[in-house]
Amino acid sequence: MITNTELEYKGNLYPSGLISYEHDQDTINFISKNGVRLQVTVLRDNMLRFRYATNGIFENDFSYAIDEDNLHGFSHLDVSEDETHIIITTEKIICKVAKDDLRVGTYELNGKPILEDEQGFHWEETFEFGGNFVKMSKMSRDQENYFGLGDKPTNFNLKGKRLSLWNTDQYAFAKDTAELYKAVPFYMGLHGNSAYGIFFDNTFKTHFDFCHERRNVTSFWADGGEMNYYFIYGPQMSDVLTSYTDLTGKPELPPMWALGFHQCKWSYYPESKVKEIASKFRELNFPCDAIYLDIDYMDGFRCFTWNKEYFPDPKRMVKELESDGFKTVAIIDPGIKIDLNYSVFKEALENDYFCRRADGPYMRGKVWPGECYFPDFTRPEVREWWSSLYREIIGEIGVKGIWNDMNEPAVMEVPGKTFPLDVRHDFDGHPCSHRKAHNVYGMQMARATYEGVKKFNFPKRPFIITRANYSGGQRYTSTWTGDNVATWEHLWLANVQIQRLCMSGMSFAGSDIGGFAEQPSGELFTRWLQLGIFHPFCRVHSSGDHGEQEPWFFGEDVLEITRKYVELRYQLLPYLYTAFQKYVEEGTPILKPLVYYDQEDVQTHYRADEFIFGNQILVCPVQEPNVQGRRMYIPRGKWYNFWNDKLVTGGKEMWVDAPLDIIPIYIKEGAIIPKYPVQQYVDEVKMEEMSLDIYYKIGKENSEFYEDSHDGYEYRQGIYSHRTFKFTGKEGEMIIQQHKQGKFSAPYTTFKLKFHGMPFEIKRVFFENEEVNVEDLHYDKENQTMIVHKDFSELHIVGNSNGNTAE
Ligand code: MIG
C-alpha cells in the first residue's frame with residue numbers, strides 16, 4: 001500500500017475506545033483512550049467534516065481548497081447516545097460514532113446506511129519525515145459505483161481502480177496513466193439510488209482505492225498531513241456535486257469570447273505567421289475568437305519578455321488582431337531563467353521570492369529557458385508580486401488571456417520530473433516541504449495570475465487557463481487536459497476526462513482538439529472537433545512537431561464539416577453561456593454525464609460516451625474510424641433527433657446514423673433553445689434578432705436563457721437578463737410563458753420562434769391573452785417560424801390535433 005520502500009513498516013495503529021466527548025453548537029470532539037481525537041463538524045444538514053489527530057493535537061486549520069465564505073457552521077447540534085454509539089442527527093442524516101473504536105457510520109433518517117467505516121481511520125508513523133501516513137477505509141455496498149477524481153484518464157466509472165494524485169507532467173499520457181496534471185481528491189459514491197461524496201482535503205500525495213484491493217472496501221490515504229475529509233450526502237448526485245462546488249468555490253463568469261473557438265499551436269511565430277493564421281480564418285469564414293502565443297514569443301523563454309525580432313511591436317500586433325476580432329492569449333511558465341540581466345529574475349532574487357532547498361540553496365531546475373529558479377507561489381507576497389508582473393503584458397500590450405503551463409511543477413531531466421521533496425514552501429504562513437505543497441503549486445500560480453490579469457484587464461473579465469490544479473482552483477482558472485495524442489483512444493479519453501472534470505467541480509475544461517502529439521487524420525480531426533464544440537473550453541492545439549493542425553489543412557471536406565460545427569457552437573453560445581451562469585451561480589456542471597442526469601436508471605451507471613450538454617442537449621461522439629453510425633444509449637424521456645426532428649423514446653440503446661458529417665445530437669422534448677446567428681467572433685455583429693427553437697411536447701418543460709453584456713461586471717449590479725420559459729403542450733395546443741428577471745436590455749427587440757415537431761395546424765393564436773391573426777406574428781408556415789416581441793409573457797397556440805407519435 002505504501003510505496004516508499006525505504007521506510008520500515010511499523011504497522012497500522014488504530015484509535016481505541018472513547019473516554020470522553022464534548023460539543024458546542026456545530027462541532028463535537030471525541031477523545032479515545034490512546035489519545036486520538038476525532039472532531040466532527042456539522043457544516044450543513046448534508047455535510048459533515050471529519051478530522052483526526054493521532055495524539056490529540058490538531059495542525060493549524062488551513063485550506064487552499066475551501067472557499068471561506070462557504071465554510072459556515074451549523075447552529076444547533078443534536079447529539080444523543082445509546083449503549084454503543086454517540087449519535088448526531090441533522091435534518092437529513094444520522095451519524096453514529098462507535099464508543100469502542102471511534103468507527104463512524106452515516107445513515108439516512110430511515111436508518112438505511114449511506115457510508116460506514118470498514119477499518120475506519122488508521123495510521124502508520126514514519127520517522128523519515130516525521131508525520132504519519134493517514135488512512136481511511138470504508139465499506140462498499142452492493143452495486144455501489146464511484147465517480148469523480150478530476151482528470152484521471154481511465155474508465156468513467158471508477159469501480160475497481162486504484163489511483164493516486166500527484167501532479168505530473170505526462171507528455172503523451174496513456175489510458176490508465178496513474179498520475180496526471182491535477183489533484184482533485186473528491187469522489188462520489190452511488191448505491192441504491194442515493195449518492196454521497198467524499199472530499200479528502202489533503203494536499204500531500206493521496207491515494208484512492210475503489211474495491212481494487214478488496215471487493216467490498218474502498219479506501220483513501222495520504223503520504224502525510226491529517227485525515228481531514230468532508231462527507232456530503234445527496235441523495236441526488238446533483239446535491240452532492242453542487243454542495244462540493246459550493247464548498248470549494250465557484251468561478252466568476254468568463255468573458256463570452258472565452259467560450260468561442262480558439263486556435264493554438266506550439267508555436268505561431270513570428271508576427272507574420274500569427275497574422276497569416278488569423279487572416280486565413282476570416283478569409284475562410286471559419287469563426288474564431290482567440291489565437292495563442294506559445295513559448296517562442298518570449299526572449300529566450302524569459303517570462304514577461306518578448307522576442308523583438310519575431311514580435312517587434314507586440315502592442316500594435318495585439319491591437320491589429322483585436323480589430324479583426326482576435327483576442328491574444330499568451331503562455332507564462334513558472335521557471336524564471338537564472339540571468340542577472342533579467343529584471344524579473346533580479347527582483348525575485350533580491351526579494352527572496354524563489355523556492356529554496358531544505359539546507360538553503362535555491363531550488364534549481366532545467367526547463368525551457370535553461371537553468372531556472374522558481375517562485376514560491378504559496379507565499380502571499382510572491383503572489384502579489386507575480387500578479388504585478390502582468391501590468392505590461394495585459395495592461396499595456398493588451399493581451400487578453402494568460403495560459404499557465406508546466407506548473408505541476410515540471411522540471412526536465414530529473415527523476416520524478418518535479419522538485420525534490422525537501423524544497424521549502426511558505427504555504428501561506430504554514431511552512432512545509434514540497435511533499436505538502438506540490439499539489440497546490442500550480443493552483444497558487446494560477447491564482448496569482450488570475451489576480452494580475454483581473455487587475456490589469458479591469459473592467460473587462462480575466463481569462464486564465466492552467467495545466468496543473470487542485471480542488472478549489474476552479475475559482476481562478478479554466479483548464480485543459482494536457483499533452484494528449486492524436487489517436488482514437490485519446491478522443492475517447494478526452495470525452496471521459498472532460499465529463500469527469502465537470503463531475504469534479506471543474507467545468508471550464510477542454511482537450512487539445514485533434515491531439516497534441518502526433519498528427520490526426522482528417523477523419524479523426526473531424527470527429528474530435530465535433531465533440532470539442534460541446535466542451536466548455538474549445539481549442540485546437542498541437543505540438544507543431546508533426547505538421548499543421550489548422551482546420552483547413554485536412555482538405556475541403558474536413559474544412560466544410562468542421563466549419564459547420566464551429567458555426568453550431570457560435571449559434572449555441574447563448575445556451576452554453578446560460579449553462580455557465582448556472583455553474584457560476586449554483587455549481588451545476590456544464591456537462592452532465594448520464595449517471596448525473598438520471599441516477600435512478602441503473603443503465604446510466606455504466607455509460608461513459610453519452611452526456612448532456614447544458615440541460616437539454618444530448619450528445620454522443622463517434623470514437624471509431626470508418627463508421628456510418630453507432631449504438632448509443634438514449635436516457636429516459638423523449639428526444640428529438642437534432643438533424644431530422646424525429647422523436648425517439650429513450651431508456652434504451654439504439655443505433656443512430658452518423659456518417660462523417662454527423663455527430664449524434666438529441667434535444668429534450670419541450671426544450672426551448674436560444675440561438676444566436678452565426679458570427680465570426682463574439683459581438684461581431686449587432687444582434688438584430690434572437691432565435692428560440694421550440695421542441696413540442698405533451699406535458700411541461702422549463703428552459704432558461706441568461707444574458708448580459710458578455711464581458712465586464714455590470715451583471716453584478718443587476719444588469720443581466722434571466723428568462724425562464726415554461727412550455728406546456730396538450731393535444732392540439734401549446735402555451736409558452738416567459739418570466740424575465742434583471743435589468744439588462746438586449747440589443748434586439750424580437751425573438752424568432754421556430755417550432756419543431758408541432759403536430760397540428762394552427763387554428764387560433766392568443767398573444768398576451770388576446771386573440772391575434774397568425775399574420776400579425778409573421779407566421780411562416782413552411783419554415784414553422786413566428787416573430788414575437790422579446791419580452792412577451794404568453795403565447796398560446798390552438799390547433800387541430802392529429803397526434804404526435806414517437807418511434
Ligand atoms: O514541455 O509550451 O502542455 O500545451 O504547447 C512542453 C510548450 C511545454 C506543454 C504544454 C503544451 C505546450 C508546450 N508545453
Side-chain angles (χ1 to χ4, degrees), residues 151 153 167-174 177 179-182 262-269 273-274 277 290-307 310 328-337 365-372 374 393 399 401-414 416-419 441-442 445-446 449 464-469 477-486 490 493-494 497-498 501 509-520 528 532 535 537-550:
D151 63 346
N167 294 354
T168 307
D169 176 6
Q170 293 284 15
Y171 173 79
F173 59 89
T177 295
E179 289 158 4
L180 275 197
Y181 308 91
K182 290 172 250 292
H262 296 191
Q263 180 73 33
C264 186
K265 171 180 283 171
W266 179 16
S267 293
Y268 290 132
Y269 72 92
K273 182 74 191 178
V274 179
I277 298 291
I291 190 149
Y292 283 61
L293 301 177
D294 205 329
I295 48 178
D296 299 284
Y297 80 91
M298 302 177 204
D299 174 17
F301 306 118
R302 289 171 188 81
C303 292
F304 305 100
T305 69
W306 292 78
N307 179 319
Y310 298 150
T328 306
V329 179
I331 197 166
I332 291 285
D333 288 352
I336 300 298
K337 188 179 178 68
K366 197 170 161 256
V367 257
W368 293 104
E371 293 290 332
C372 286
F374 300 82
I393 188 170
V399 165
I402 294 291
W403 170 22
N404 282 167
D405 186 23
M406 305 290 279
N407 52 355
E408 292 69 31
V411 179
M412 293 167 173
E413 298 166 16
V414 295
K417 301 189 275 193
T418 191
F419 294 2
Y441 186 85
M445 178 191 185
T449 299
I464 317 299
I465 176 163
T466 185
R467 195 169 68 176
N469 216 344
T477 177
S478 67
T479 192
W480 89 105
T481 54
D483 297 345
N484 59 7
V485 188
H490 268 272
L493 278 173
Q497 287 183 287
I498 304 306
L501 283 163
S511 68
D512 284 352
I513 295 174
F516 177 74
E518 297 176 26
Q519 197 175 30
W528 205 316
H535 286 166
F537 177 64
C538 177
R539 179 183 76 163
V540 169
H541 181 40
S542 69
S543 70
D545 295 345
H546 312 272
E548 315 294 300
Q549 206 155 302
E550 292 77 34

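Note that ligands are numbered from 1 as they come in the structure, with each ligand's atoms numbered from 1 the same way. The residues of the chain are indexed from 1 along the displayed sequence.
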Using a 3.5 Å cut-off on N or O atoms only, is [X] in polar contact with ligand 1?
X    : value
D405 : yes
H541 : yes
D512 : no

Exercise. How far is atom 2 (O) of ligand 1 from its nearest protein heavy atom, and which residue and atom is that?
Worked result: D294 OD1, 2.6 Å
Exercise. Atom 3 (O) of ligand 1: which protein heavy atom is closest, and how many Å away?
Worked result: D483 OD1, 2.5 Å
Run the numbers for me: atoms of ligand 1, each under 4.0 Å from some heavy atom of [X], listed by number.
X    : value
I295 : 2 (O)
R467 : 3 (O), 9 (C), 10 (C)
I331 : 2 (O)
M406 : 1 (O), 8 (C)

Should [X] and [Y] count as side-chain neighbours, where that means a heavy-atom distance under 4.5 Å?
X    : Y    : value
I291 : I277 : yes
Y292 : H541 : no
D512 : S542 : no
Q497 : L180 : yes

For this session: For a side chain to side chain donor-acceptor pair (under 3.5 Å) with K182, tell me which candidate from N469, T466, N167, T479 qualifies.
Result: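 Going through the options one by one, the only one that passes is T479.
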Problem set entry | Partner residues of E518 under the side chain to side chain donor-acceptor pair (under 3.5 Å) criterion, sequence neighbours left out |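 With neighbours one apart ignored, the set is empty.
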For this session: Measure the distances from the heavy atoms of W480 to every atom of ligand 1 and state whether one is below 4.0 angstrom.
Result: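 Per 4.0 Å heavy-atom rule, W480 contacts ligand 1.
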Exercise. Mind checking whether W403 has a heavy atom under 4.0 Å from ligand 1?
Worked result: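 True for this residue.
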Seminar exercise, completed: Going by the 4.0 angstrom heavy-atom rule, the piece of W368 near ligand 1 is side chain
Problem set entry | Side chain, backbone, both or neither: the part of D333 lying under 4.0 Å from ligand 1 by heavy atom | neither
Exercise. Does the ring center of F516 lie less than 6.0 Å from the ring center of H490?
Worked result: no
For this session: Mind running salt bridge (Lys or Arg N to Asp or Glu O under 4.0 Å) on K417 and D169 for me, showing each step along the way?
Result: CA-CA 7 Å; K417 301 189 275 193; D169 176 6; over 6 Å; no
Problem set entry | Given T305, T328, V399, I331, the one that forms side chain to side chain contact (heavy atoms under 4.5 Å, CB included) with Y297 |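 Result: among T305, T328, V399, I331, I331 is the only option passing the side chain to side chain contact (heavy atoms under 4.5 Å, CB included) with Y297.
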